[in-house]
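Whatever order the structure lists ligands and atoms in, that order sets their numbers, starting from 1. Because the structure is a prediction, the values reported are computed rather than measured. Start at 1 with the first residue, then count along the sequence.
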Amino acid sequence: MSKNILRHLAIIMDGNGRWAKRRGLIRTKGHEKGADIIRDITQYCAEHKTIETLTLYAFSTENWKRPKYEVDFLMRLLDRWLKQELPTYHRFGARFETIGDIEGFSPKLQETIASIKAQTAHHTNLIQILALNYGSRSEIAKAASRLAKRGEEITEKSLGEELTTPYQDIDLLIRTSGEQRLSNFLLWQLSYSEFYFTKTLWPDFTTEELEGIINQYIDRDRRFGGV
Ligand code: FPP
């Protein structure tokens, strides 16, 4: 049997709050540690021979329901983290991209996002996509609405290409922390993906565990509906 090739990896990074709670820390400490882990995983993916895209769920449209102090903290953390990670993007040859409605963020944060995108646009080892203020149903509905307004036919091909995600099906989705649900993440792009759920909380996730998951994925039997 031929081996599966991993080109597009997506991760739902979950469990920051529980990680902090177990240590008697406030939830935001879990987010800080979680943000650090992204660097290790990005380096691993940039150095990996076949991975082209890494998509990470960083803030969902539902996350606005969290207490204001936590939402404000996540916004500040994202701004600080992106600026601090610029040398990392350069070092690993990674290009930064986003999906989701970033117009919902402050003008300052939008500026930071645009600036990091522009400064990393030439890198080719990896595209790291952060899903920010992202919701998959909204992404699909907006894409269909744009096609309809232009009077274009809605087909699998046209709708798939109209989605904001650079169109490339996801090969493998990992969700950390033991939860087994999609939480409105990339519903269209995950149609034929392999799923892996690990009990590890995101701040404890390591490149060693990722490597084990990828090795298991490589040997899975993917049939895409065939036999
Ligand atoms: C889920 O943990 C985590 C998120 C809100 C998304 C991921 C956020 C980060 C990794 C940190 C910030 C990211 C960047 C890019 C700076 P949770 O709070 O839902 O954990 P819980 O389920 O244990 O409460």
Side-chain angles (χ1 to χ4, degrees), residues 9-46 53-89 92 94-102 104-106 108-117 119-120 126-136 165 173-186 196-207 209-210:
L9 171 68
I11 307 181
I12 301 179
M13 310 177 287
D14 197 6
N16 296 346
R18 274 163 287 169
W19 181 91
K21 199 171 168 205
R22 281 180 199 172
R23 284 164 177 74
L25 302 168
I26 48 167
R27 293 175 53 80
T28 50
K29 289 285 171 202
H31 296 316
E32 272 175 358
K33 175 78 172 136
D36 285 343
I37 302 300
I38 297 178
R39 183 182 314 121
D40 300 344
I41 301 302
T42 301
Q43 173 172 13
Y44 178 91
C45 292
T53 311
L54 169 68
T55 301
L56 301 167
Y57 209 1
F59 194 86
S60 77
T61 44
E62 285 71 36
N63 285 153
W64 295 107
K65 293 182 204 146
R66 293 184 176 215
K68 188 177 178 313
Y69 86 89
E70 186 172 338
V71 171
D72 290 348
F73 179 88
L74 280 167
M75 296 299 136
R76 280 197 311 273
L77 175 64
L78 181 61
D79 194 81
R80 192 175 72 220
W81 182 85
L82 280 172
K83 288 173 183 156
Q84 163 202 309
E85 290 306 299
L86 184 59
T88 314
Y89 286 108
F92 304 146
R95 177 177 143 202
F96 168 66
E97 269 300 331
T98 62
I99 50 171
D101 188 8
I102 55 170
F105 292 157
S106 72
K108 180 174 167 276
L109 182 52
Q110 288 185 51
E111 232 173 76
T112 304
I113 290 170
S115 151
I116 305 295
K117 276 187 194 173
Q119 292 182 72
T120 62
L126 181 77
I127 306 176
Q128 183 215 62
I129 303 175
L130 288 193
L132 296 171
N133 197 18
Y134 176 83
S136 184
T165 318
L173 171 81
I174 299 170
R175 182 170 187 147
T176 59
S177 91
E179 308 296 344
Q180 301 192 12
R181 53 177 174 265
L182 286 182
S183 305
N184 203 12
F185 188 48
L186 299 167
Y196 192 99
F197 300 101
T198 170
K199 287 204 165 71
T200 306
L201 303 176
W202 176 251
D204 288 328
F205 194 66
T206 61
T207 53
E209 180 168 4
L210 175 60

Inset, instruction - Can you sort out which atoms of ligand 1 are near Y57, meaning under 4.0 Å from one of its heavy atoms? - result: 6 (C), 7 (C)
Inset, instruction - Begin from the C-alpha positions of K65 and E62 and carry the test salt bridge (Lys or Arg N to Asp or Glu O under 4.0 Å) through to its verdict. - result: CA-CA 6 Å; K65 293 182 204 146; E62 285 71 36; 5.4 Å; no
Legend entry - Heavy-atom nearest neighbour of atom 17 (P) of ligand 1 within options E32, M75, R66: R66
Inset, instruction - Would you mind checking which non-hydrogen protein atom is closest to atom 1 (C) of ligand 1, with the distance to 0.1 Å? - result: M13 O, 3.3 Å
Legend entry - R18, any N or O under 3.5 Å of ligand 1 N or O: yes
Inset, instruction - Please report the closest heavy-atom contact between K33 and P203, naming both atoms and the distance. - result: CG-CB, 3.4 Å
Legend entry - Nearest-neighbour protein heavy atom for atom 12 (C) of ligand 1, which is reported as residue plus atom name and distance: L77 CD2, 3.7 Å
Legend entry - R95/E97 ion pair, N-O < 4.0 Å: yes
Legend entry - Nearest-contact summary for atom 13 (C) of ligand 1 - protein heavy atom, Å: I38 CD1, 4.1 Å
Legend entry - Nearest protein heavy atom with distance in Å, relative to atom 11 (C) of ligand 1: H31 O, 3.4 Å
Legend entry - Heavy-atom nearest option to atom 2 (O) of ligand 1, drawn from T28, T176, N16, D79: N16
Inset, instruction - Using a strict 4.0 Å cut-off to heavy atoms of L78, name the atoms of ligand 1 that fall inside it. - result: 15 (C), 16 (C)
Legend entry - D14: numbered ligand 1 atoms lying under 4.0 Å from its heavy atoms: 1 (C), 2 (O), 17 (P), 19 (O), 20 (O), 22 (O)
Legend entry - The single option from D14, D204, L210, T176 passing side chain to side chain contact (heavy atoms under 4.5 Å, CB included) against T198: T176
Inset, instruction - Could you verify whether a donor N or O on one side chain and an acceptor N or O on the other, from T206 and E209, lie under 3.5 Å apart? - result: no
Legend entry - With Y134, the side chain to side chain contact (heavy atoms under 4.5 Å, CB included) member among D101, N63, L186, T98: L186
Legend entry - Backbone of A35 reached by a side-chain donor or acceptor of R39 within 3.5 Å: no
Inset, instruction - Examine the side chains of Q119 and Y89 and answer whether a donor and an acceptor come within less than 3.5 Å of each other. - result: no
Legend entry - E179 CD: over 12 foreign heavy atoms closer than 6.0 Å: yes
Inset, instruction - Return the residue, atom name and 0.1 Å-rounded distance of the protein heavy atom closest to atom 6 (C) of ligand 1. - result: A58 O, 3.2 Å
Legend entry - Any K21 heavy atom less than 4.0 Å to ligand 1: no
Legend entry - R80 and E32 ion-paired at < 4.0 Å: yes
Legend entry - N/O separation below 3.5 Å, N63 to ligand 1: no
Legend entry - G17 neighbourhood, listing ligand 1 atoms whose heavy-atom distance to it stays under 4.0 Å: 17 (P), 18 (O), 20 (O), 21 (P), 23 (O), 24 (O)
Inset, instruction - Using a strict 4.0 Å cut-off to heavy atoms of R27, name the atoms of ligand 1 that fall inside it. - result: 17 (P), 18 (O), 24 (O)
